[in-house]
Amino acid sequence: MHTSRRGSNREGSGWLRPDRLGPVWLLTSIVLGAAPAGAQAPSPGVRDLSFMAGCWEGGFVARDGTEGIIEEHYTAPSDDLMLGTTRYLLDGKAVQFELTSIRDVDGEVSLLPYPGGSASPDTFRLTRVEDGAAVFEAPEHDFPRRIIYRRADGDRLEARIDDGTDDGQAREWRLRRVACPR
């Protein structure tokens, strides 16, 4: 094998730099699952939210101090859609409800809440997914500006809405997995 100085594999020669390999590097990256230098990781998708799927139940405190039950149900995600329902119960009667659609439209995953069945004016964009946690944000919304779901202790799901800061106005719910009604 003939190796010229220009084609050597010495450190700093640049011969094996990914940005100079073009189609060969791309094909190798696809086959081996590697990403070329400077390439971005794939955007999170709806399927990355599978930790939210199922039926969940917890307590909540109404504005008058009465304790009630919150129920959340999320479908298993498809490639582009996950649906949810939330119901707040006091003494067995629904006092509030919300529908949720989480959709992937052109590679951007967004959560659109329908409080009381009416679409929110703002869409919450998925900004982060990691280790069983997802953050959705709509900085232009009055309140909440951020929605966070976090899987905790296996059979627990924590939900938080806040003003976009860690120490500002917030509401949190701790839910446990329950059998889904048939």
Side-chain angles (χ1 to χ4, degrees), residues 41-105 108-182:
S43 299
V46 176
R47 288 200 185 270
D48 293 319
L49 304 174
S50 63
F51 70 91
M52 294 169 51
C55 297
W56 308 92
E57 187 176 286
F60 81 97
V61 178
R63 292 174 198 231
D64 67 0
T66 308
E67 293 184 17
I69 296 171
I70 180 175
E71 299 173 337
E72 289 211 12
H73 303 169
Y74 282 97
T75 63
S78 65
D79 287 343
D80 62 348
L81 180 66
M82 186 175 197
L83 298 172
T85 61
T86 303
R87 182 167 74 161
Y88 297 85
L89 301 167
L90 288 174
D91 295 324
K93 295 187 183 212
V95 294
Q96 186 178 347
F97 74 95
E98 184 170 300
L99 308 173
T100 304
S101 71
I102 301 173
R103 298 183 59 196
D104 183 327
V105 177
E108 182 173 277
V109 177
S110 297
L111 180 151
L112 181 60
Y114 293 79
S118 299
S120 170
D122 298 303
T123 299
F124 292 79
R125 288 164 301 289
L126 180 63
T127 57
R128 192 170 66 234
V129 175
E130 57 189 37
D131 298 326
V135 179
F136 298 89
E137 296 182 83
E140 66 282 357
H141 194 64
D142 54 359
F143 184 87
R145 290 187 174 160
R146 187 167 62 177
I147 302 170
I148 303 169
Y149 283 96
R150 179 175 295 115
R151 190 71 178 268
D153 300 328
D155 283 345
R156 299 226 175 256
L157 183 68
E158 297 173 352
R160 174 184 167 97
I161 60 173
D162 63 36
D163 62 3
T165 65
D166 292 336
D167 57 356
Q169 181 184 3
R171 293 190 70 195
E172 294 182 350
W173 299 269
R174 287 171 176 67
L175 310 170
R176 71 185 191 308
R177 184 179 291 283
V178 296
C180 291
R182 293 237 172 235

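Throughout, numbering of the chain's residues begins at 1 and tracks the sequence. From a predicted model like this one, the values you see are computed outputs, not experimental measurements.
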Query - Contact summary for Asp163 and Gly168, nearest pair of heavy atoms - result: OD2-CA, 3.4 Å
Query - Inter-residue atom distance Met52.CE - Leu111.CG, 0.5 Å rounding - result: 7.0 Å
Query - Shortest non-hydrogen separation from Cys55 to Pro181 and the atoms involved - result: SG-CD, 4.1 Å
**Report entry** Shortest non-hydrogen contact between Pro44 and Val109, atoms and distance
**Finding:** O-CG2, 3.4 Å
Query raised in the report: Within the side chain of Asp104, is there an N or O that forms a donor-acceptor pair under 3.5 Å with the backbone of Val46?
Result: no
Show me the donor-acceptor pairs, under 3.5 Å and distance only, between side chains in residues 138-153 and residues at least two apart or in other chains.
residue	atom	partner	partner atom	Å
Glu140	OE1	Arg125	NH2	3.3
His141	ND1	Asp122	OD2	2.7
His141	NE2	Phe143	O	3.2
Arg145	NE	Pro139	O	3.4
Arg145	NE	His141	O	2.9
Arg146	NE	Asp162	OD1	3.0
Arg146	NE	Asp162	OD2	3.2
Arg146	NH2	Asp162	OD2	2.9
Arg146	NH2	Thr165	O	3.0
Arg146	NH2	Asp166	OD1	2.8
Tyr149	OH	Glu72	OE1	3.3
Tyr149	OH	Tyr74	OH	2.6
Arg151	NE	Gly154	O	2.6
Arg151	NH1	Phe51	O	3.0
Arg151	NH2	Gly154	O	2.6

Query - Which atom of Ile69 lies closest to which atom of Glu57, heavy atoms considered - result: CG2-CG, 3.6 Å
Query - Pairwise distance CD1(Ile102) to CG(Leu126) - rounded to 0.5 angstrom - result: 8.5 Å
Query raised in the report: Considering only heavy atoms from C-beta outward, does the side chain of Leu112 approach that of Phe136 to under 4.5 Å?
Result: no
**Report entry** Exam field: side chain Arg176 to backbone Gly58, donor-acceptor pair closer than 3.5 Å
**Finding:** no
Query - Atom pair CH2/CD1 of Trp173 and Ile70 - distance to nearest 0.5 Å - result: 6.0 Å
**Report entry** Heavy-atom side-chain contact between Trp56 and Arg177 under 4.5 Å
**Finding:** yes
Report summary line: Between Met82 and Ala53, the two heavy atoms sitting closest are CE-N, 3.7 Å
Query raised in the report: What heavy-atom pair brings Gly54 and Cys180 nearest, and what distance separates the two atoms?
Result: C-SG, 4.1 Å
Query raised in the report: Distance from Thr127 atom OG1 to Glu137 atom CD, nearest 0.5 Å?
Result: 3.5 Å
Query raised in the report: Any side-chain heavy-atom pair from Arg103 and Asp80 closer than 4.5 angstrom?
Result: no
Report summary line: side chain to side chain contact (heavy atoms under 4.5 Å, CB included) with Glu71: of Leu175, Thr85, Thr86, Leu89, only one passes, and it is Leu89
Requested in this report: Rounded to the nearest 0.5 Å, what's the gap from OG1 on Thr75 to CG on Leu81? Could you check?
Outcome: 6.5 Å
Report summary line: Rounded to the nearest 0.5 angstrom, the CZ-CZ distance for Arg174 and Arg156 is 10.0 Å
